[in-house]
Amino acid sequence: MSAYSAARALVIGLSAADWLLADCRYDADWFRGALVDKEITPCIPRRKSRDELVKYDKLRYKRHNWIEIMFGRLKNWHSQI
């Protein structure tokens, strides 16, 4: 399943939220537009292939990365038991 397929499913079932944090795989104009339509602020950095700059909260995204690292460590720890 591609990131875009997962994003479509996510947007359909998404309930109320203030922010959505995602990595650059989810950087698509249609996805950002769908989030804004649901009054959700996207925090998604731009793909390297995107020409124009995209504003996003870098500190909030950095915290997102910390959470992903923590879950990765928990998975590694769990698999060692």
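Atoms considered below: every heavy atom in the structure, side chains included; atoms not considered: hydrogens, waters and symmetry mates.
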A.B. asks: State, to 0.1 Å, how close R46 and L53 come at their nearest heavy-atom pair, and which atoms those are.
C.D. replies: NE-CD2, 3.6 Å
A.B. asks: Side chain to side chain contact (heavy atoms under 4.5 Å, CB included) between L10 and Y26: does it pass, once the steps are laid out?
C.D. replies: CA-CA 11 Å; L10 176 70; Y26 296 93; over 6 Å; no
A.B. asks: Using the side-chain contact (heavy atoms from CB on, under 4.5 Å) criterion, which residues pair with I67? Sequence neighbours excluded.
C.D. replies: F71
A.B. asks: Looking at A22 and P45, what are the two nearest heavy atoms and their distance?
C.D. replies: O-CD, 3.4 Å
A.B. asks: Sequence neighbours excluded, which residues qualify as salt bridge (Lys or Arg N to Asp or Glu O under 4.0 Å) partners of R50?
C.D. replies: D27, D29, E52
A.B. asks: Nearest 0.5 Å please: distance from the CZ atom of F31 over to the CZ atom of R25.
C.D. replies: 11.5 Å
A.B. asks: Kindly give the heavy-atom pair with the smallest separation between I40 and L14, and that separation in Å.
C.D. replies: CD1-CD2, 3.2 Å
A.B. asks: Heavy-atom distance under 4.5 Å between the side chains of E68 and W66, does that happen here?
C.D. replies: no
A.B. asks: Please report the interatomic distance NZ(K38) to CG(L20), rounded to the nearest 0.5 Å.
C.D. replies: 11.0 Å
A.B. asks: Return the minimal non-hydrogen interatomic distance between I44 and D23, and the atom names on each side.
C.D. replies: CG2-O, 3.4 Å
A.B. asks: If I take atom OG1 from residue T41 and atom CG from residue L21, how far apart are they, to the nearest 0.5 angstrom?
C.D. replies: 10.0 Å
A.B. asks: Restricting to non-hydrogen atoms, name the atom on W19 and the atom on P42 that form the minimum distance, rounded to 0.1 Å.
C.D. replies: CZ3-O, 4.4 Å
A.B. asks: Write down the atom of Y61, the atom of C24, and the distance for their closest heavy-atom approach.
C.D. replies: OH-N, 4.5 Å
